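What you see is a predicted model; the values in this text were computed from it and never measured. Per chain, numbering begins at 1; letters A, B, ... match sequence-line order. For the numbers below, each heavy atom of this structure counts, side chains included, while hydrogens, waters and symmetry mates do not.
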Protein chains: 2
Amino acid sequence: MREGGYHGFSFREIAADVGIKSASVHHHFPAKEDLASAVVDDYTERLIETLGDPCDPRQATTALLERYVGLFRHALIDDQRMCLCGLLGSETRALPDRVGAGTRNFFRRHIEWLTNVFHADASQTDRAAAEDKAMRFVASLEGALLVAQSLGDTDVFERIVGSTLATLDTDNPQPN
Amino acid sequence: MREGGYHGFSFREIAADVGIKSASVHHHFPAKEDLASAVVDDYTERLIETLGDPCDPRQATTALLERYVGLFRHALIDDQRMCLCGLLGSETRALPDRVGAGTRNFFRRHIEWLTNVFHADASQTDRAAAEDKAMRFVASLEGALLVAQSLGDTDVFERIVGSTLATLDTDNPQPN
DNA sequence: GTCTATAATTTGATAGAC
DNA sequence: GTCTATCAAATTATAGAC
């Protein structure tokens with residue numbers, strides 16, 4: 001799903017990877033929408049859990065943002081794949097309802113997490129402005145991943161991320 | 001292709017839209033890769049042609065960038081679809097060779113155009129820095145499109161674009 | 001929970017008439 | 001350039017045995 005999107009994988013493919021038959025996959029996920037929806041929800045929960053508390057006072061803003069960038073860097077370098085919801089998000093109009101809803105939830109959660117990070121920063125008291133930054137940041141990272149993957153050049157990702165981080169103008173409080 | 005990606009459309013679907021049979025489509029494009037590759041190349045040429053000369057001294061930097069933003073706004077608002085190469089770029093690893101190459105060419109051309117715009121701006125003499133901005137800008141727009149489409153909220157696109165433009169710090173020379 | 005078997009449909013693609 | 005007809009393979013999905 002992270003390579004070819006919703007229409008780019010099949011029950012037989014998954015079954016072969018797991019080492020069972022496609023009918024057995026259908027036992028766990030009756031329809032394709034069920035499977036994709038479960039994968040998206042699991043993906044979202046895993047990532048949000050990895051990110052941790054966005055308001056942790058022991059973490060500097062830059063450290064939290066670096067952790068966030070690390071998610072995308074990992075997708076590009078280690079997985080050599082797109083962000084699942086980045087790909088599905090671009091396919092929104094061709095997605096079954098629950099899969100589209102799961103993807104929407106992914107972005108809501110990420111924007112919420114980033115908004116909290118920016119809002120907690122000493123330099124940012126306006127929550128709407130923090131949300132603007134959050135939207136811009138997640139969009140930049142999804143875009144950076146997409147463009148770097150298309151160009152087959154991980155350095156493109158680093159250049160975009162570096163350039164973006166330089167625009168954020170956050171405070172850098174030392175951890176306690 | 002702009003809704004479901006490379007695996008999200010069929011010869012029969014296209015044939016029905018055009019009002020002919022799928023065998024007739026195969027007469028023009030023997031294989032699916034041929035068709036998709038031709039569409040991507042045509043899409044790229046059209047957009048670059050619409051953008052015009054990035055070094056036109058009669059155009060202010062902000063006017064050129066607004067024209068560029070207009071491409072993506074049109075995709076989101078009027079077409080209600082993703083950028084073709086934004087979607088395909090995220091599917092890179094599942095694409096036939098020539099389609100992947102066409103998508104790569106799309107981003108090379110766009111970065112080149114934007115680099116020229118930023119480099120021509122009075123405030124920017126370093127070409128590498130202009131290229132950094134160019135990569136960041138195209139990534140932000142692809143990401144903004146993707147996230148706004150997924151959230152089903154065009155205002156998200158405008159907020160991200162506004163926030164991004166505010167970080168570019170270009171000169172605003174008056175047209176002659 | 002996994003299997004075999006299979007249904008019903010769709011897919012990319014070709015042959016050959018007009 | 002379009003058509004009918006067709007192929008071989010793949011697709012999602014189900015029924016029922018073990």
Subject >> Backbone N/O of B/F9 and side chain of B/K32: donor-acceptor pair under 3.5 Å >> reply: yes

Original post:
Do B/S37 and B/R98 have side-chain N/O donor and acceptor atoms under 3.5 Å apart?
Top reply: no

Between [options], spot the one nearest the side chain of [X], thanks.
| X | options | result |
| --- | --- | --- |
| A/R12 | C/dT14, D/dA13, C/dT11 | D/dA13 |
| A/A23 | C/dT4, D/dT4, C/dG12 | C/dT4 |
| A/A31 | C/dA13, D/dA13, C/dT2 | D/dA13 |
| A/H27 | D/dT2, C/dT2, C/dA13 | C/dT2 |
| A/I20 | D/dA13, C/dA13, C/dC3 | C/dC3 |
| A/K32 | D/dT12, C/dA13, C/dA15 | D/dT12 |

Please state whether the phosphate of [N], meaning OP1 or OP2, lies under 4.0 angstrom from any side-chain nitrogen or oxygen of [X].
| X | N | result |
| --- | --- | --- |
| B/K21 | D/dT2 | no |
| B/S24 | D/dC3 | yes |
| A/H26 | C/dG1 | no |

Output the rounded distance in Å from [atom1] ([X]) to [atom2] ([N]).
| X | N | atom1 | atom2 | value |
| --- | --- | --- | --- | --- |
| A/D34 | D/dT12 | CG | P | 13 Å |
| A/I14 | C/dT2 | CD1 | P | 14 Å |
| B/E13 | C/dG12 | CD | C1' | 14 Å |

**OP:** Mind listing the closest non-hydrogen atom pair of B/V69 and B/F137 along with its distance?
**Re:**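 Taking B/V69 first and B/F137 second, the nearest heavy atoms are CG2-CZ, 3.8 Å.
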
**OP:** Would you mind classifying the nucleic acid contact of B/F29 as base, sugar-phosphate or nothing, using non-hydrogen atoms under 4.0 angstrom?
**Re:**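 No contact.
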
Original post:
How is B/S10 classified with respect to the nucleic acid when contacts are heavy atoms under 4.0 Å: base, sugar-phosphate, or nothing?
Top reply: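 Sugar-phosphate only.
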
Original post:
Does B/R46 come within less than 4.0 Å of B/D42, counting only side-chain N to carboxylate O?
Top reply: yes

Original post:
Do B/D153 and B/V147 touch side chain to side chain, with heavy atoms closer than 4.5 Å?
Top reply: no

